[in-house]
Structure formats: structure tokens, C-alpha cells
Amino acid sequence: MPMQTNIGTRKAAVVGAGISGAVVASELAKLGFDVDVFESGRGLGGRMSTRRGEAPDGTKTEFDHGVQYFTASTPQFKAILKEWEKAGVAIPWEGRFGCIDAAHLVTKGVVTVQALPDEDRWVGMPAMNVVCKHLVAAKGVQVYPSTRVVGFDHFREGESEEGAWKWSVETRQAGDPEGPVVTRRDYDVVVVSDKAVASERNLKLHGESRPIESANVPNITRTLQKCSQHSCFALMVVMKEPIATTFDSLQVNNHSVIEYMARNSSKPGRPSSTDQWLVQSTAAYAENFVSGNLTRKDTAAHATQLKIVADEMLFAFNELMVAQLQEQGVLPPDSEDSDSPPQTLPEPLSVSAHRWGSAYPVYAVAPEEKFLCDTKVGFYACGDYCIPPNTTPYGYVESATLSALHTASAMAEYMK
């Protein structure tokens, strides 16, 4: 069921309810559009999603398993961020931030750790996906979750050749590739923020063609198909005992498996009764699994893949964290006695993994224009893949937001 009621006279379809889709929907609603947002996932947020669950002992768990925090560098995004802060959906993360160099971990069993400079690092409050929920709660916006777009059609309204051109959007219930197609009509403009409409995923998983091909917007289609994405795995670990590190966030350099580790429970508003860690893999590690082996969610093959990933990433997390604790003097060095086992972290309470097939773009496809468009037919695309971030990888929320703002402005101009 939709999540809101419509107002206004102009109508727009938005594909994807990540941060760029949520921002463009909110901005169009302010400009008087009725906006339908189609999201293939059960929840909102895309890579700003939040995973909630329960550990075996009943402990509530909560992980920002995509974006860990975001930064602001432009006046335009800082102004938007102030609005989010005033609404109570964004807040600075006053954590302790560091960087691990693991270049000598394999050869010498040691790492070097240093604190990172102070800067404003923002998170959604009380969870990362709350920002997107806040944006699509605007009057005039309807959200259709668990709804997969499978096609588009551009048609004239009525039987006369003078009739206005409109768009229709064809959808299926996510997770039901054989389910009925539902067509929603009479959109003046369409904006795509989810690049999956141009990917081969529909063909590989559902035997369907790329949805965007039916829109007949060849320039946008070609550009989106060339938009390469890095993959990433996220490991979610709930510890039985707190890890005695002085850091809440650790960027990892020169490691083959892990790129980042964060104490998610140290963020404001998150459950803090247990020590909960979010660990992100390197793109290279993820690519070894994803390339040529795209398993479908909710299948035995996918569960097996995630189990292998969870075991390997947990081993690497343990190794890195122990070496970091030894470097800080919290743990003593390993014994030189070959019969003595290496030190390990306390046993975790629960471990799980998540795959991001498209975690973040390799390069920006529209750095000057800020978005993609076919103004002859009113079809647009926006997202972090359009604008290069000023601070990688924590500037992608800013890039996605700026792209969405430019897109909404251009769509309003198109409708004049």
C-alpha cells in the first residue's frame, strides 16, 4: 500500500528510494508535483538502509550496513543538512576516528594506527534510513515499497494527435518474477535513481530485458550501462564483551579483505547495550565473489556465499583488531612459543553478512551536467554516479543529494 496521499496537478514517477530518489521526490513535491516513488526493497534508504534484528539471546541489534557517515563540503549541501538537523533526522557523530595501516600485518604481524583529524561527520538519527523516510513523508509523495519496475511506455493522452504526452510505469511485486504486471499511468516526467533499471540483473535473475530499454531513451541507457560500480560486503558483528579499543571508527589501508570498521553502537540513538561492529570489505575482495557469480537473495546459494564471506571477514576482523589492540598496548604481544595459540577477540554473540552488488560508482558520468536527461520526452536519471564526491567515500551522500536537487530544478523547468 502507498505510504502517503497525493496533492497537486503535475505528476512524476521516481524509481528508487535511496537518498537521491528521496531528495528528488521531496523537492518535486515542494514544487507542486504528485510523486509516486517505486522502491524494489522492503525498506527505504538504499545504501542508507538500516538492518534491524535480534541476537540469539534476544538482544536488539541495529546496523547502518551501508553508508557509515557522511560529510558536507558545499554550501548547498550544508544548507540541506541544516534542514535535516533542524528536523531531528541528522546529527554529528562525536566518535573517535582512526586509520590502520596493515601493510606489515602479514609479514610482521603488526599494524600502525593514527587518529584522524577532526571534522563534522554526520549520521541519520536515530538510524541512517530515517533521513530518507523524512524526505518521502512530504505531502504529495506516495511510496510503493517491494515494487520492482519492469518497463516504461510513452504515449499520447486520448485519441487525438494533439493529446499531451504521458508516461506509464509497469511494475511487479519484488520477489515474484511470475507475478502480474501492474501499470500506473499519466506521469508527466520520470526520473530514475536506481541504476538497476539499466543493468543485466533483470536478465540474469528474472529472464527479463532491461526495464529502461522500453523507455526508448538511448543516450541515458548507454550512459547508465557504462556506469561501473564497486561491490562490497558488510559484516555485522555483535560481541559478547566490548572490544577495548579507543576508536569507534577505523579506516583500514593496505589490507586485502577489510576497508573499514565501525562501532555502530557508538553512534547517537543506536542500541548501546552490546558492542556492535559493522565491517566493510574492500572492493577487490567483493569482486572475487560477485563477478560471474550473482546469487539471488533468499536462495541456498546466496546463503552459502554469505556464510563463506562472514567466516573470512570475521577472521580478518579478529586479526586486525587484535593487532590494533596490541599496538595500543591493550593486549600483550603474541608469545614467541610456537605452541601458544595467537590471541583472539572474545567470541561474538552473532555474525551475519550482507552483499552490496553496487556499493559505489567507479567514476562520475555527468560531472558537468549533474544529471542525465532526455528533455524531448521528460526522462531523467540522477544519483551519486553523476557527480564525483569531494571526499571519498564519505561524500557520496552529498553527491547524490546535489544531483537530485539539480534534477528536480530541471524537471520543473521542463514542465513550464
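The structure presented is a predicted model; accordingly, all values stated were derived computationally and were not measured.
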Donor-acceptor pair between [X] and [Y] side chains, under 3.5 angstrom:
X      : Y      : result
Tyr360 : Asp384 : no
Ser266 : Trp93  : yes
Asp101 : Asn253 : no
Ser249 : Tyr260 : yes
Gln142 : Tyr144 : yes
Thr59  : Glu54  : no

**Report entry** Which residues share a salt bridge (Lys or Arg N to Asp or Glu O under 4.0 Å) with Arg184, sequence neighbours left out
**Finding:** none
Query raised in the report: For Ala284, what residues pass the side chain to side chain contact (heavy atoms under 4.5 Å, CB included) criterion, not counting sequence neighbours?
Result: Thr282
Report summary line: Across all chains, not counting sequence neighbours, the side chain to side chain contact (heavy atoms under 4.5 Å, CB included) partners of Lys78 are Ala72
Query raised in the report: In terms of ring plane angle, is the pair His154 and Trp167 parallel, tilted or perpendicular, where the classes change at 30° and 60°?
Result: parallel
Query raised in the report: Between Arg148 and Asp176, is there a side-chain N and carboxylate O pair less than 4.0 Å apart?
Result: no
Query raised in the report: Is there side-chain contact between Pro361 and Tyr396, with at least one heavy-atom pair below 4.5 Å?
Result: yes
Query raised in the report: Do the non-hydrogen side-chain atoms of Val330 and Thr246 ever get within less than 4.5 Å of each other?
Result: no
Requested in this report: For Glu62 and Lys60, indicate whether the former's side chain and the latter's backbone hold a donor-acceptor pair under 3.5 Å.
Outcome: no
Query raised in the report: Under 3.5 Å, is there a donor-acceptor pair between the side chain of Glu369 and the main chain of Phe371?
Result: no
